[in-house]
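Some notes on the structure that comes next.
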Amino acid sequence: MFARGLKRKCAEDEEAAPAYSLQRQSLLDMSLVKLQLCHMLVEPNLCRSVLIANTVRQIQEEMTQDGSWCVPVPQTAGRASRDRLVSTEILCRSAREGARPAHDPGDPASELQVVPAAQAPGAPPGGVWDGDGPRENRGSFHKSLDQIFETLESQSPGAVQELFSDVDGSYYDLDAVLTGMVGGAKSGQDGLEAFAATAAPSPSAGCKSDLGELDHVVEILVET
Amino acid sequence: MDLMVEVSPRRVFANGHTYHINSISVNSDCETYMSADDLRINLWHLAITDRSFNIVDIKPANMEDLTEVITASEFHPHHCNLFVYSSSKGSLRLCDMRAAALCDKHSKLFEEPEDPSNRSFFSEIISSVSDVKFSHSGRYMLTRDYLTVKVWDLNMEARPIETYQVHDYLRSKLCSLYENDCIFDKFECAWNGSDSVIMTGAYNNFFRMFDRNTKRDVTLEASRESSKPRAVLKPRRVCVGGKRRRDDISVDSLDFTKKILHTAWHPAENIIAIAATNNLYIFQDKVNSDMH
């Protein structure tokens with residue numbers, strides 16, 4: 001599927017460059033989602049979080065050096081973001097149906113609901129890929145990465161909201177990632193099994209509602 | 001006939017750690033021991049449960065600056081003032097408790113320079129040391145990272161003196177292993193009594209042994225199907241293309257849910273303990289079994 005360890009290919013190879021950038025973006029997306037899921041655990045694995053965060057930083061640095069925050073040709077971008085729109089919408093629709101009526105700010109499922117709103121049909125899908133975008137994106141990206149460790153310490157329910165309020169939703173190619181993660185759930189130690197397990201009585205009252213909701217979301221993911 | 005074992009705690013050393021504990025190691029003085037979590041190492045007296053001394057603290061003032069954690073630690077087998085700890089960036093720090101109360105400055109830093117030809121986004125993750133063990137002689141250290149085991153000489157900090165590939169065929173699959181989280185699996189390693197053979201676990205219920213003198217290695221399997229009492233373990237082989245023998249397993253049919261993370265070797269005899277999921281296997285060599 002992926003090139004051997006995603007090594008840097010020769011710049012002269014026109015065909016390979018976009019493929020490498022796509023793979024790199026995909027790895028970045030995957031890593032960010034992993035970090036997000038890490039953070040949702042009652043007892044996050046610090047070593048794993050640090051390693052993933054370092055990987056994200058590495059990718060970010062390379063992308064900064066390349067000057068490439070954006071890569072795909074406009075039509076690919078449109079198609080890709082529309083795909084994301086569909087997948088996250090389905091996810092949120094199911095979650096919403098089963099969700100409690102009260103809107104909990106720390107509710108991870110509500111975070112997912114934010115994404116399609118940001119990518120409403122009216123908004124240009126190419127907005128993410130603007131030339132101006134990079135600095136902005138880099139800023140919010142950087143901030144979210146730094147905030148991750150702060151919030152790992154604080155573990156407050158509102159922290160999730162805080163953490164991801166600035167991050168551009170288009171980073172999350174949830175479809176591809178979640179397929180991978182659900183497929184790997186059997187073998188992964190820190191994977192989705194951990195969520196199901198932590199849905200049981202948890203020490204912190206604030207986290208309990210989050211985990212209950214998350215458990216429900218996990219069921220939906222597994223079913224799809 | 002099932003044996004039921006019931007345990008009761010004799011002493012509880014509470015409130016010493018904020019983060020997940022990854023190692024404990026009893027000192028050669030048999031009076032103290034240390035416990036390590038992701039960011040700190042504490043020294044305890046075996047008989048005193050309500051007090052400990054913090055001897056290593058790598059927590060940054062600002063958690064946003066955190067890029068490295070402690071992954072394993074162990075006391076030196078003979079010098080009760082020396083201990084080593086490993087990090088998620090693949091480095092080893094040998095510390096001397098007599099040098100300072102807080103051992104933030106290492107006496108020696110063991111680190112292998114990165115191989116530029118193998119560089120990838122996963123380089124750091126696979127360099128993270130999951131286990132470190134002193135040799136019985138006290139002269140060497142054995143470390144395990146994701147793809148290799150390495151032997152280090154305490155007198156040489158620049159690089160390991162020996163490197164053994166545990167499952168190099170996984171190098172081209174790192175992205176998938178990152179995706180399914182297997183790349184974060186932490187394998188242990190072990191020395192035999194004479195420090196001539198080293199052992200570590202792998203996937204598919206395989207474990208590997210490397211003879212440091214003959215440079216020969218073997219892959220064995222710990223599973224109910226292939227282990228009847230008194231049966232001799234048959235060497236296994238993972239084929240990576242090319243000629244395939246009858247009992248070879250191909251890389252793509254390896255079961256990554258069957259991982260042997262914990263292995264131990266008897267300090268004097270050739271008896272090993274292998275933990276495979278929820279089963280514990282004890283193997284001994286034929287010589288031993290004839291004697292007993």
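The pair B:K186-B:D131 does not meet the salt-bridge criterion, since no charged nitrogen lies less than 4.0 angstrom from a carboxylate oxygen. Remark: A:E62 engages A:R24 in a salt bridge, criterion side-chain N to carboxylate O under 4.0 Å. With salt bridges taken as basic N to acidic carboxylate O contacts below 4.0 Å, one links B:R171 and B:D168. Residues A:R48 and B:D181 are paired through a salt bridge, judged by an N-O separation under 4.0 Å between the basic side chain and the carboxylate.
With a threshold of 4.5 angstrom between heavy atoms, B:I126 does not approach chain A through any atom at all. Contacts of B:T71 with chain A are made by side-chain atoms alone, with heavy-atom separations under 4.5 Å and no backbone atom involved. Only the side chain of B:K89 comes within contact range of chain A, with heavy atoms under 4.5 Å apart.
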